[in-house]
Structures are given as structure tokens and as C-alpha cells.
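In each ligand, atom 1 is the first atom listed, and ligand 1 is the first ligand listed.
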Amino acid sequence: MKSYKIAAIPGDGIGSEVISAGVEVLAALEKRMGSLRFEVTQFDWGSDYYKRHGEMMPADGLAQLKPFDAIYFGAVGAPDVPDHITLWGLRLPICQGFDQYANVRPTKILPGIRTPLKDVGAGDLDWVIVRENSEGEYSGNGGRTHRGMPEEVATEVSIFTRVGVERIMRYAFRLAQMRPRKRLTVVTKSNAQRFGMVLWDEIAAEVARDFPDVAWDKMLVDAMTVRMVLDPKSLDTIVATNLHADILSDLAGALAGSLGVAPTANIDPEGRFPSMFEPIHGSAFDITGKGIANPVATFWTAVQMLEHLGEVESSQRLMAAIEKACEAGIMTPDVGGTATTREVTEAVIQAIHGSNS
Ligand code: IPM
Ligand code: MG
């Protein structure tokens, strides 16, 4: 029996609806597999916690999370708390404090979900975006002076280090190598940004020498948006900076039919700290409490969590169950269905128990 300690942080808005659905699905997998156990501990951190305590998580939050095998995260963001507080108070300190430098964002068109792309169907689009998750434009380096004065100045400094770029590049090449097509596209803006982005290009060429079986190419981020729309089948694994990959992954989500189904994994590839798994979508206060939040992204990120934990068989079983529910048309309104969160969850649980694959 393999047992894993999972820290669940549902956070704000629909976060608690989708995470509780995800925890039910993990329990169903436990039952089906017989050889797995998930010990889930809930943490009530987020905007409500902030309103009571003046902080998004306790000062020793990271120390509390450290002993866990993985973190299952819902969403943060509340209408009455500024976004930079919710973000820098909980999610980013976890990513940075646990050096989760690889942010991995798979994109596929799930069966039954319609893409806005012409002549492209399920199976045609199969990408993984690897987002640098520890530095770059999100370094948090900068400041403001002369606040409110006409001469006010703000800086937001992008930081690119050889260590930071090389480790994400190696991660991306390794991932590309493990995928059937062995193809990597390195995205920068090295025509206009001639320091950090040129460093990216140079390091990509250096690391590529260690991966002779990976076919790789370079794209400028603006041209990349065009290629994603006009020639999506030519792409497979993609690596980009923190901000570029943030933007490209929204585009990828839209091209795959919905951002509501897109998952993301914040990974410490060295396994020194727990990695964190979450849906890309936010807290969605407009539909909170209505029971119609789409739990698919949260289930799909559980697939990533199981893969990361080395539980390949159960990760494949869960992915197949998600696809089966989608194919049967059991989907929430955001992707054109009429099902509730509950109904989608039950369909996936049923598929977990039913399938023999
Ligand atoms: C994402 C999100 C976040 C980001 C927001 C909420 C700050 O858009 O995970 O892509 O940009 O990192
Ligand atoms: Mg984003």
C-alpha cells in the first residue's frame, strides 16, 4: 500500500467546490486501485482567512506544508481584496518558497469540446507549455518612488539568471524527449530584448547539444501566437518565460475550447519540496455557490499530481475517465453542457470504477 499526504488548499470562490469534487475523485481512485491511499488535510487559507487574520496564510505556512507529498490548490482572488495581495500572499510565496520552478501546462482538445480552430479536432492539438516559474518578469524585483507625485516612478525588473534559465531549459528538453514527437519550441523576444532573451537563446543552443534526439526550433513570442492559431499541429512541447508562457497558455486554453478545463502543475523537479497542482481558472465569484463550476481542470491537475508521484496507472485511469465523461456530453454550461459539478463528478467516478484500461 502506497500512502500519500496531500495538503488541500481550496482557497476562494469556486475553489472549494472544485477541490472537494477532486478529493472525492481521489477517494474513488483509492477504492478502485486498492493499492493507494491519499491522506488529505484541509487548509482554510485564502481571502476569508485574510479578512480574519490580516494575512492569506499563517507566517509558518510553508513549514506546515513542507511535510506533504503534494499540494492540491483551488483558486485565490476575491472581489473585495486587491489581486496583488491574494496572489503575493499565498500562491506565489508557495511557488517561490518551494522553488517550484517548472510550471507545466498541458493542452489538448478533450472529446466533446469544440475548438474555435478550423479543421482541427480532438487529438490534433497536443501541447505542453513549460513556463519558467521562479524568476523572469515575476521576480518581484522593483519599486515605486515619489508616490502620487507627477514625477512618480515605478520599476518592474525582469531577472534572468543562468541557473534559472538553464534548469528550465533542461526540464523542457527532457520533457520533449519523453513525448512521442520529441519536438521543442523555445519562445523568446530576443530581437527586441537583447539581454535576458539573448541569454535564453544561447542557453537553449547549449542545452540542445545534450539532447541530439530532440528537434527544436525558436520562435519570437508575437509570431508564436500566429503559429498557434494557423499551424497548431506543428507544435508539441513549448518553453517560455514566466510572462510569455502566462499569455500563451491562455491562448492555448481558448484554442482548446475552454480555459475552464486547463490544468497546471507547479513542480520542484528536484523533489526537495512538495509540488502544487491547480486548475488555471480563477475563483469565479459570479458562479460561486451555484453548483455549476467545471471540475474538469481540477481532475486533470490530479492526473498531473499522480504522474508526479509516480502513479502512472492511476493517472492514466483518471485521464481516461475524464475523457469518457466529456465524450458522453456530461459537461458544465461553460463548455456548452447542462450538467452540474455533482453530475460531472459522478460521471467521472463511475468511469473510474467501470473502465478496465
Ligand atoms: C495563471 C494566472 C496567474 C499568473 C494570475 C492569477 C496572476 O493567470 O496562473 O496563469 O499570471 O500567474
Ligand atoms: Mg494566466
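A salt bridge does not link E30 with K2: every distance from a Lys NZ or Arg NE/NH1/NH2 to an Asp or Glu carboxylate oxygen is 4.0 Å or more. Ion pair D126/R179 flagged as a salt bridge, since at least one NZ, NE, NH1 or NH2 atom sits closer than 4.0 Å to an Asp/Glu carboxylate oxygen. Salt bridge absent: E152 and R147 never bring a charged side-chain N and a carboxylate O closer than 4.0 Å. Remark: R227 engages D217 in a salt bridge, criterion side-chain N to carboxylate O under 4.0 Å.
Taking a cut-off of under 4.0 Å to the non-hydrogen atoms of R131, the atoms of ligand 1 that pass are 1 (C), 4 (C), 9 (O), 10 (O), 11 (O), 12 (O). Remark: ligand 1 atoms within the under-4.0 Å shell around heavy atoms of L87 are 7 (C).
Nearest protein neighbour of atom 11 (O) of ligand 1, counting heavy atoms only, is Y138 OH, 2.6 Å. Of the protein's non-hydrogen atoms, R91 NH1, 4.0 Å is the one closest to atom 3 (C) of ligand 1. Atom 9 (O) of ligand 1 has as its closest protein heavy atom R105 NH2, 2.7 Å.
Using cut-offs of 30° and 60° for the angle between ring planes, the F43 and F68 rings count as perpendicular.
Of the possible polar contacts, one joining the S283 side chain to the G77 backbone as a donor-acceptor pair under 3.5 Å is found. Panel note: side chain R181, backbone D236; no donor-acceptor pair is recorded below 3.5 Å.
In this structure, CZ in F173 is found 9.5 Å from CZ in R170, a value given to the nearest 0.5 Å.
Here's the thing with D250: none of its N/O atoms is less than 3.5 angstrom from an N/O atom of ligand 1. Where the criterion is an N or O separation shorter than 3.5 Å, residue side chain and backbone included, D246 meets it with respect to ligand 1.
If you look at H281 next to ligand 1, there are no close heavy atoms at all, none under 4.0 Å.
Ligand 1 has no atom lying under 4.0 Å from any heavy atom of H84.
Closer than 4.0 Å to atom 5 (C) of ligand 1 lies none of the heavy atoms of the protein.
Checked against the Mg ion (ligand 2), the N, O or S atom of D246 at the shortest distance is OD1.
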